[in-house]
Structures are given as C-alpha cells and as structure tokens.
Asks: 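Pasting a structure here, questions to come.
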There are 2 protein chains.
Amino acid sequence: MSVRSAFLVLLGPGPRHGYQLKAEFDDATGESWPLNYGQVYTTLQRLEKAGAVASLGEDEDGRIRYELTDHGREEAEEWMASPVQQPLASRDEIAMKVLLAVRTDPGRAVAVIDVQRQATMSTLQTVTRMRAEGGDLPWMLHLDRTAMLAEAELRWLDRAEERLDAEAGADSPKADARLRSTPIEETT
Amino acid sequence: MSVRSAFLVLLGPGPRHGYQLKAEFDDATGESWPLNYGQVYTTLQRLEKAGAVASLGEDEDGRIRYELTDHGREEAEEWMASPVQQPLASRDEIAMKVLLAVRTDPGRAVAVIDVQRQATMSTLQTVTRMRAEGGDLPWMLHLDRTAMLAEAELRWLDRAEERLDAEAGADSPKADARLRSTPIEETT
DNA sequence: GAACGGACATATACTCTGTATATATACCCA
DNA sequence: TGGGTATATATACAGAGTATATGTCCGTTC
C-alpha cells in the first residue's frame, strides 16, 4: 500500500498528473524506492476506483490530472499519523534461509551464515565509503538506513551462529570466532 | 521467490505433497513467515510449469506428491549458496514516510519520527520480554532478529532527526534531545 | 448410530505489486 | 530532416498474498 499512500501524500498540495507524481516520488525518495511507470497509472486508476482521488479530465496539453477527494485526504492523514507496524523482522529471506538450512542440513547453516556475512560486510564497506562522500538529504537518509540495517544484520548473524554452536552441543567449544565480525557479547 | 526457493530446499530430502510442505515450512520458520495455503498449491503449479519439480500423481490416499527435478535441485543449491542481496534498506515504508513528510510538510517530519520511535520502542520492549522467556531455535532466531532490527531502526530515527535538525539551520540548537532513545553519537 | 467438529488435503478466485513494453507527441540539435 | 531525449499514458503479464470453497476421514458425544 506504500505507493498508494505516497501518491495521496504527494497530491496533498494540489492536483498532479501521473508523470509528475512519478517525478516527485523519485525526487523525494532518492534511489531507495525504484518506481516503474507501469505502477503509476494502475495505482491512479485504483485510487480513482476507490474514491480517494478524482480525475480532472485532460487539460489543454492532454495530461490527466487528479485531485484528492475528502476520503483520500483522510486516508493520507491516517497513513502519515500512524506508525509502520513491524514488517521489521517478518518475512526475512536470510532468516528463512538459515532456518531451512538448520532443518534440512544443520551442518550447512554456518556456511550460509558465513556467505551472508561476507556479502553484508561488503555492502557495509561500500555504503560507508558513499556516506563519506555526502549527498542530498534523501540519499543520505537512505545510506544511513542501509548502514544501520547492515550492522544489525551482522549482529544477528553472529548471534545466530552462537545459537547454532550452543545447539550443536557444548562438546567442542573450539576457537570458532575467527570469522565473527564483532567480539561475542552477552545479549541476555 | 522466497517461498518457491524454500519449497525446493524442503523437497531436497525426498518427495512431499502440498500440505506436508506447508507444515514443514511453518515448523522450520516459526512464526516469522505466515504462509497461506493458497500460495502452496499455486507455487507448486508454477514450479512444475518451470520444470523444477515433477508431480508423482495421486498416491493411494489421493495426495499429490512432487519430487525435485535436476533443474530444481540446481536452483535450490544456487539459492542456498548465494547471499541475499540487500533488500536491506530498499523499499522501506518508514523511510519513505519520513522523506515524503520532508518534502510536503517539513515541520511534520519530526512528528512522524517520534510516532515511529514510540511504536518501535514498544516493539522492542515486547520482544525483549519474549526473549527472556525462551523458546525453540526458529522462534529465538526470529526474536533476535526483530530485536536487532528494531534497535537499528531506533538508531536510524535518531540519526534522521539529527539530519533534519541540521537541515533546518543551525539557528535554534535548543535542547531537543529529550525524546531520543540513545545519546547522540558521532557516526562519521 | 447419527451428528458434529477438527485434522488432513487440494483448489480457485481475486487483489495488489511489480516489470516489461507499446505508443505518441514535442523539442532540441546536429 | 532526422534522430535522440524528455514528456506522457496505457496495457499485458507474472508473482505474491488473502479469502474462501470443497471434500474426506476420524474420533467424540448425545
């Protein structure tokens, strides 16, 4: 529902046509949310069908502008005012991969974690370099976010490996911390 | 593509039917990935069409079991071996909300951040309580992940607020740290 | 023994999201 | 004048997710 909501917000200041919304959306969100033109017009059609926007018909240049209805303004306000409810840790592909590895081939889970750690560390390095170079606000916020989520992922990978070690039994507590990105800490 | 990949992995050990895959999937991923039955059978049909699995026809109990083809086994292996490429910070609804607020109503952005911070802190508290209670491996990994991502989100919200303050001009650097969840730190 | 509910098992319809692609005009510039 | 780029809209299609229908089998309960 995010693109839908975004359009409602962008229509707040006044009528816009599809191309314009797409341009403003790109400008506002920077690189963080690639939006395909195909989605622009289907979204507008759905919004119109739902009674959240109303078409103003073609203007002299043949562009179809839309304006918010009262209902649409209300929906925009509601979206803006309410927090995003934890799509945070749900449906996470890497978590799923680790869990599936644990189930189908327990010995492999650690390898999966190591591969992911390498990739995430590499992402983090790239982002850190980019952050140092600076940029406009949307771009910097995006980089901040990418960096912080990458750090969180690294912490989780470490924690997951700890849990797997513990699960595997306390039989061989060898020096297995060589690949860890951070020292093991107490998280309880 | 994640459910698709998961099914291929779960089919690794041998033939399964839809209901069985759904059960194993739920068991392996815990609460973190709610899977609707509707998706199970459409996914299997798509996999069959793509030549990644082959139907074994109905068994004596009327259940339709599927087995991996060589192609499917290859796809499963490839998925397992490759890291998840940063869907990390892209297409993030809360980031989008903040960015849209900045653009359409700059003064409001801080309010959006504050609302989200309250919600995320509340999530974190709940999760912390749950972690203390323990549970099986999938569940604990899920809770770990939720907690770490929530912490990352709080850090990002703080950072975003700092950037907005800076943007707003160095004119009124008042004591605006009251709501921050962590002390301001240098992230450069 | 009949009726009910719950576990097992599959299927279809539909919406939403996203990608690819077709189409057309206008404008610049070489 | 012809080609590339920006402006502008639309359609077809695949994938992901939700809701819901359908049916069997089995054990319990009245």
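Chain A is the first sequence line, chain B the second, and so forth, proteins listed ahead of strands; every chain is numbered from 1.
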Asks: Using a strict threshold of under 4.0 Å (side-chain N to carboxylate O), is an ion pair present between A/Arg163 and B/Asp144?
Replies: yes
Asks: Going by the angle between their ring planes, with limits at 30° and 60°, are A/Trp139 and A/His142 parallel, tilted or perpendicular?
Replies: tilted
Asks: On DNA chain D, nearest-nucleotide positions of B/Lys49 versus B/Thr42: which is more 5'?
Replies: B/Lys49
Asks: Check A/Arg117 with A/Asp114, please: is the shortest side-chain N to carboxylate O separation under 4.0 Å?
Replies: yes
Asks: How many whole angstroms separate atom CZ of A/Arg65 from atom C1' of D/dA8?
Replies: 14 Å
Asks: Rounding to an integer number of Å, can you tell me how far A/Arg16 CZ sits from D/dT9 P?
Replies: 13 Å
Asks: Choosing from D/dA8, C/dA9, D/dA16, which nucleotide comes nearest the side chain of A/Tyr41?
Replies: D/dA8
Asks: What is the separation between atom CZ on A/Arg63 and atom C1' on C/dA24, rounded to the nearest whole Å?
Replies: 15 Å
Asks: Do B/Glu153 and A/Arg145 come within less than 4.5 Å of each other through their side chains, counting heavy atoms only?
Replies: yes
Asks: Enter the inter-axis angle for the ends of the helix from C/dG1-D/dC30 to C/dA30-D/dT1 (five pairs per end, rounded to 10°).
Replies: 10°
Asks: How many whole angstroms separate atom CD1 of A/Ile64 from atom P of D/dT7?
Replies: 18 Å
Asks: Whole-Å distance between C/dT15 P and B/Gln39 CD?
Replies: 17 Å
Asks: From the list C/dA11, D/dT9, C/dC16, which nucleotide is the closest neighbour of the side chain of A/Arg46?
Replies: C/dC16
Asks: Does A/Gln118 use its side chain to pair, donor to acceptor, with the backbone of A/Val115 at less than 3.5 Å?
Replies: no
Asks: Could you please name the option among C/dT19, C/dT12, D/dT11 that lies closest to any side-chain atom of A/Asn36?
Replies: C/dT19
Asks: For the side chain of B/Tyr37, counting heavy atoms from C-beta on, which of D/dA10, C/dG18, C/dT10 is nearest?
Replies: C/dT10
Asks: Which one, D/dA10, D/dG17, C/dT10, comes nearest to the side chain of B/Val3?
Replies: D/dG17
Asks: Between A/Tyr37 and A/Tyr19, does the ring centroid distance fall short of 6.0 Å?
Replies: yes
Asks: I need the minimum non-hydrogen distance between B/Leu164 and B/Ala109, along with the two atoms involved.
Replies: CD1-CB, 3.6 Å
Asks: Considering only C/dT10, D/dA10, C/dT12, which nucleotide approaches the side chain of B/Gln45 most closely?
Replies: C/dT12
Asks: Using a 4.0 Å heavy-atom cut-off across all strands, classify A/Leu35 as base, sugar-phosphate, or nothing.
Replies: nothing
Asks: Mind calculating the distance between OH (A/Tyr66) and P (D/dA8) to the nearest angstrom?
Replies: 14 Å
Asks: Tell me, which of residues 17-26 of chain A have any heavy atom that sits under 4.0 Å from an atom in DNA chain D?
Replies: A/His17, A/Gly18, A/Tyr19
Asks: What closest approach, in Å, do B/His71 and B/Gly51 show between heavy atoms, and which atom pair accounts for it?
Replies: CB-O, 3.7 Å
Asks: Let me know the distance between CG of A/Leu56 and P of D/dT9, rounded to the nearest Å.
Replies: 12 Å
Asks: For a quick test of your reading: what N or O donor-acceptor pairs under 3.5 Å do the side chains of residues 21-30 of chain A make, sequence neighbours left out?
Replies:
from, atom 1, to, atom 2, distance (Å)
A/Lys22, NZ, A/Asp26, OD1, 3.4
A/Lys22, NZ, A/Asp26, OD2, 2.8
A/Lys22, NZ, A/Leu35, O, 2.6
A/Glu24, OE2, A/Arg16, NE, 2.6
A/Asp27, OD2, B/Arg103, NH2, 2.1
A/Thr29, OG1, A/Phe25, O, 2.9

Asks: Could you tell me whether B/Asp158 and B/Arg155 have a side-chain N and a carboxylate O separated by less than 4.0 Å?
Replies: no
Asks: Nearest whole angstrom, please: distance from the P of D/dA8 to the CD of A/Glu58.
Replies: 13 Å
